Each structure stands twice: as structure tokens, then as C-alpha cells.
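Small disclaimer: the values here were computed from a predicted structure and weren't measured.
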Amino acid sequence: MKRESRTVDRSHQDDSPQRHLPLVDLLVDTRAELFALAISSGLRVLTTMLEADRTAICGARYAHQPDRVASRAGTVPSAVVLGGRKVTIRRPRVRADGQEVPLPTFRTMAEEDPLNRRVVEQMLVGVATRQYARSLEPIPSTVASRGTSKSAVSRRFVAKTRAQLAAWQAAPLEGLDLVGLVLDGVHVGEHCLIVALGIAADGQKHALGLWEGATENATVCQSLLANLQSRGLRTDRSLLVILDGSKALRKAVRDTFGDVALVQRCQVHKLRNVLDHLPERQRPWVKATLQRAYRNTDVAPARRLLLDLVRRLETDHPSAAESVREGLDETLTVLGLHLSEALRRSLVTTNAAESLISRTRQVKRNVKRWRGGQMVVRWVAAGVLEAVKGFRRLKGYKAMPQLVAALRTRDQQLGLVRDAEKVA
């Protein structure tokens with residue numbers, strides 16, 4: 001049987017180009033028109049509110065009022081904050097006794113603090129100063145605006161972050177019931193900053209302050225602790241202080257708190273320091289031994305494991321053995337408090353401060369050149385204050401009463417309990 005051909009004859013088909021609806025263009029145009037409508041409507045509403053303020057002060061237009069205290073004085077070009085920029089409007093004027101009378105609505109809309117906050121927020125989420133204008137909502141071409149240039153954005157960011165830093169470093173600490181203090185350092189360019197994180201009795205974390213220096217030396221650490229003490233940090237009762245391996249931090253804590261400080265050395269930093277003294281083939285079993293010791297729930301067996309490790313490393317790797325021996329008891333401080341496992345894991349490392357510092361790295365990633373220590377401090381402080389917004393309570397916070405009870409028991413042993421606290 002002869003098979004029929006399946007070839008399709010396209011001679012009768014229309015060769016004209018396919019038609020399509022420009023949906024994307026339509027959506028873009030509609031969006032732009034909506035923004036323009038919103039801006040125009042907002043400006044009309046603002047103008048109406050300003051005119052209402054003038055009427056409330058001067059009275060109705062063309063009305064005869066013998067007791068009128070102010071008069072209309074036409075309009076003048078002025079700027080108000082709208083959508084992260086300054087927009088020019090015609091402001092109604094009021095004068096009395098030869099002086100300009102401010103309108104309440106204009107005074108509110110002309111405040112620069114909302115604009116400064118918007119600038120800081122855009123910078124902290126990664127918007128560069130040159131791209132600030134592009135990050136804002138579009139406005140009609142007929143509306144004049146300013147305050148979005150690179151230099152203007154930079155000036156506002158500097159002013160706002162400087163004010164934030166000053167307010168943060170002067171904030172009182174008397175109202176915080178702190179039972180823990182985490183200290184850690186971050187290097188930015190040629191500068192080293194010490195960050196202090198407080199842990200309250202309810203498990204809440206509080207960023208307390210930071211201090212800048214060329215290195216993580218005892219003078220810088222002492223200055224930070226002195227600042228905290230002057231703002232109300234108590235040094236007359238036991239406080240758990242969690243440190244990395246810095247000897248300068250340890251000396252500053254000892255000079256400031258004395259025997260009141262219950263020091264816990266970060267086990268993660270200690271583990272890294274020990275492994276750095278060993279060849280690659282020796283690291284797995286040493287790491288496993290250290291982790292087994294740190295996972296203990298009692299001090300005695302953990303200490304025996306560490307001392308045995310020191311003896312095994314003494315001959316072939318004396319530097320590693322010395323690293324284990326240095327601050328050995330302080331790496332086991334929290335084990336002696338008999339806390340829950342979750343809370344114990346949170347308090348044997350400086351991870352809480354490390355997490356805070358990691359947020360500052362994300363914030364300052366767009367900075368290409370540091371122009372002095374003041375700039376470094378402002379940027380790091382801005383990152384810290386941004387991270388504070390997402391703070392959660394310490395993991396294992398439900399067992400915080402155990403830590404508080406252990407510290408107050410220690411106060412009694414050291415004779416630090418006041419008469420008023422005994423009565424309570």
C-alpha cells in the first residue's frame with residue numbers, strides 16, 4: 001500500500017510577524033505612573049496641611065479679625081524629606097512681629113533625622129554611596145529633589161553614625177542585671193577593636209561597647225573595662241568573663257575585677273592554638289582528646305585527660321604541650337558550675353561575640369579604604385547596633401537561674417554579699 005505523504009504544505013500560512021501584547025512595558029509604565037501619582041498626591045496633601053496650619057495661625061483668608069496676631073507672607077521654596085530624599089515645595093509663610101513663624105507640619109516634615117536614618121539603613125544593607133539614588137523609589141521628573149549625591153549621603157552617614165556611637169558609649173548600665181561578659185577582638189585594617197557583650201540573668205544579650213587600638217594590648221582592654229565600669233558595670237560581685245586566648249585581655253580583667261571575675265577561656269580558641277603547634281598527622285587524635293575532655297560534665301576527669309595529653313606531647317611536641325598547659329584550669333571553669341548541657345556549650349566559647357563581629361564584616365564589605373581609626377569605630381559600631389536588632393536570648397537560657405545561683409554562692413564564699421542582699 002502506498003503511504004500517504006505527511007509533508008505539511010506551508011504555502012497557505014501567514015508569513016506576517018506574530019503579534020504580542022507589551023505586558024512588561026505596560027507593567028513598567030503602570031508602576032512608574034503609580035509612583036508618580038503617589039508622589040504628586042502626597043505633595044498635594046502636604047501643601048493642604050501646610051495651608052491649614054497657616055489658616056489656624058492667621059485665620060481665614062480675607063476675613064477681618066481685629067485680634068489677628070500673625071499675617072500671611074506669600075510662599076517660599078523649601079525642602080521636605082520624602083522617600084529618602086529632599087523634595088522642593090512652595091511653603092506658605094507666616095510672619096508675626098517681624099519674625100518668621102514656623103508651621104508645625106513643615107517642622108516635622110523638614111526634620112533631617114528620618115533622612116539620616118534612611119541613609120544609614122541603605123548603607124548597612126550594602127548600598128554604595130554612588131548607588132544611593134538608584135535604590136530609592138522614582139519620582140516624577142517635574143519634582144525637584146536633592147540630597148542623594150555621593151557626598152551628601154556620605155556626610156549624613158558620618159553624622160548619624162557618630163551620634164549613634166556617642167549615645168551608645170554613654171548609655172548607662174545600672175539597669176542591666178549582668179552575670180556574664182564576653183570580650184573578643186576584631187582587626188580592621190591596621191586597627192584592632194575590642195568588643196564587649198553582656199549576658200543578663202534572663203539570658204538576654206546586650207552589646208555594651210567597643211574600644212579601638214593598634215593592637216589587642218592591655219591598655220586598650222583596660223580602657224574599655226574602665227568605660228564600662230564608669231557607666232555602671234558592677235565589679236563588687238562575681239561575674240563570669242569569657243575570653244579568647246589573649247593575655248592582654250586576661251591582665252585587664254584581673255586588674256579591673258580582681259578575684260570577682262570568674263574567667264572562662266574559649267575552648268575553640270584553645271583548640272586552634274594547640275593544633276597550630278602540631279603537624280597534620282598528629283592533629284586528629286589530639287583534637288579528639290581535647291574535645292573529649294571539654295565534653296565532660298565534671299572538672300576532675302576533664303583535667304586528668306588534659307594532663308595526660310600534656311605528658312604525651314611533652315617529648316615530641318613541647319610547644320603544643322605548653323599550649324595545653326597554659327590556662328588549663330580556666331578552660332574548664334564552666335564545668336565546675338554544674339550547668340545544663342545547652343547553657344554550658346554557650347558559655348565555654350566566645351561564639352556569641354564572634355557572631356556579633358561577623359555581622360560587622362558584612363556591613364563594612366563595601367569599604368575599600370579606611371581613613372583613620374574614627375571611621376573604623378563608626379562603621380564597626382554601626383554593624384554592632386544593626387546586629388543588636390536581631391539578638392535572641394542565649395541558647396540554654398532556661399537554665400540561667402543555675403548560673404545565677406552558682407555566682408551568688410561564690411559571692412558568699414568570697415565574702416562579697418552585702419547586708420542588704422543578705423536580708424533580701
Side-chain angles (χ1 to χ4, degrees), residues 84 113-129 131-132 135-136 153 156-158 160-173 175-188 193-212 224 228 231 233 240-244 266 268-269 340 342-367 375-400 403:
D113 188 62
L115 180 55
N116 293 345
R117 287 201 304 268
R118 178 66 178 269
V119 168
V120 172
E121 289 175 359
Q122 295 291 91
M123 300 280 283
L124 294 182
V125 298
V127 177
T129 54
Q131 300 173 350
Y132 175 76
S135 68
L136 303 177
V153 171
R156 295 189 181 281
F157 182 80
V158 170
K160 184 64 176 179
T161 53
R162 182 182 289 126
Q164 286 181 342
L165 176 62
W168 180 38
Q169 291 183 331
L173 304 178
L176 300 179
D177 185 14
L178 298 178
V179 296
L181 181 65
V182 187
L183 301 176
D184 203 357
V186 54
H187 290 269
V188 181
L193 286 87
I194 309 299
V195 180
L197 178 70
I199 301 174
D202 59 355
Q204 294 286 354
K205 293 178 287 188
H206 301 273
L208 304 180
L210 59 85
W211 212 261
E212 180 269 340
L224 172 61
L228 299 180
R231 291 160 51 194
L233 179 64
L240 179 65
V241 183
I242 307 169
L243 312 172
D244 58 11
C266 177
V268 174
H269 281 84
S340 69
L343 183 58
R344 186 171 64 249
R345 286 200 305 266
S346 299
L347 296 177
V348 295
T349 68
T350 57
N351 286 351
E354 290 283 352
S355 177
L356 182 64
I357 292 173
S358 66
R359 177 57 179 149
T360 68
R361 297 190 183 100
Q362 182 182 358
V363 165
K364 58 185 175 57
R365 64 186 183 275
N366 284 337
V367 181
M375 179 182 179
V376 173
V377 174
R378 285 192 295 98
W379 271 92
V380 174
V384 169
L385 296 177
E386 181 69 14
V388 167
K389 300 176 183 178
F391 266 3
R392 298 181 180 179
R393 283 196 281 190
L394 197 70
K395 291 183 178 179
Y397 70 90
K398 293 182 180 179
M400 286 297 294
L403 174 61

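The closest donor-acceptor contact from the side chain of T360 to the backbone of L356 lies at 3.5 Å or more, if one exists at all. Remark: the backbone N or O of A171 is paired with a side-chain donor or acceptor of R231 at under 3.5 angstrom. Here the side chain of W168 pairs no donor or acceptor atom with the backbone of L210 at under 3.5 angstrom.
Residues M400 and L343 share a closest heavy-atom pair of SD-CD1, 3.7 Å. Contact detail for S135 and Y132: the closest heavy-atom pair is OG-O, 2.6 Å. Here the closest heavy-atom approach between residue A342 and residue G396 is recorded as CB-CA, 3.9 Å. The minimum heavy-atom distance between V388 and A207, with the atom names listed, is CG2-CB, 3.7 Å.
Using a 4.5 Å heavy-atom threshold, the side chains of Q204 and L176 count as separate. Contact check for L208 versus L181: side-chain heavy atoms found under the 4.5 Å cut-off. The side-chain heavy atoms of V179 and L240, taken from C-beta on, include no pair separated by under 4.5 Å. Inter-residue side-chain proximity for T161 and M123 is flagged as unmet; no heavy-atom pair is nearer than 4.5 Å. Between L385 and Q164, some side-chain heavy-atom pair lies under the 4.5 Å cut-off.
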Exercise for the section: Check the pair I242, L347 against side chain to side chain contact (heavy atoms under 4.5 Å, CB included), reporting the backbone distance first and the verdict last. Expected result: CA-CA 7 Å; I242 307 169; L347 296 177; 4.0 Å; yes

Practice task
Decide side chain to side chain contact (heavy atoms under 4.5 Å, CB included) for T129 and F157; before the verdict, give the C-alpha distance in whole Å, the side-chain angles of both, and the deciding distance to 0.1 Å.
Solution key: CA-CA 9 Å; T129 54; F157 182 80; over 6 Å; no

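Y397 pairs by the ring-ring contact (aromatic ring centres under 6.0 Å, His included) definition with nothing, not counting sequence neighbours. Applying the salt bridge (Lys or Arg N to Asp or Glu O under 4.0 Å) rule to E354 yields no partners; only residues at least two apart in sequence or on another chain are considered.
Here the CD1-OG1 distance, from I357 to T350, works out to 8.0 Å after rounding to the nearest 0.5 Å.
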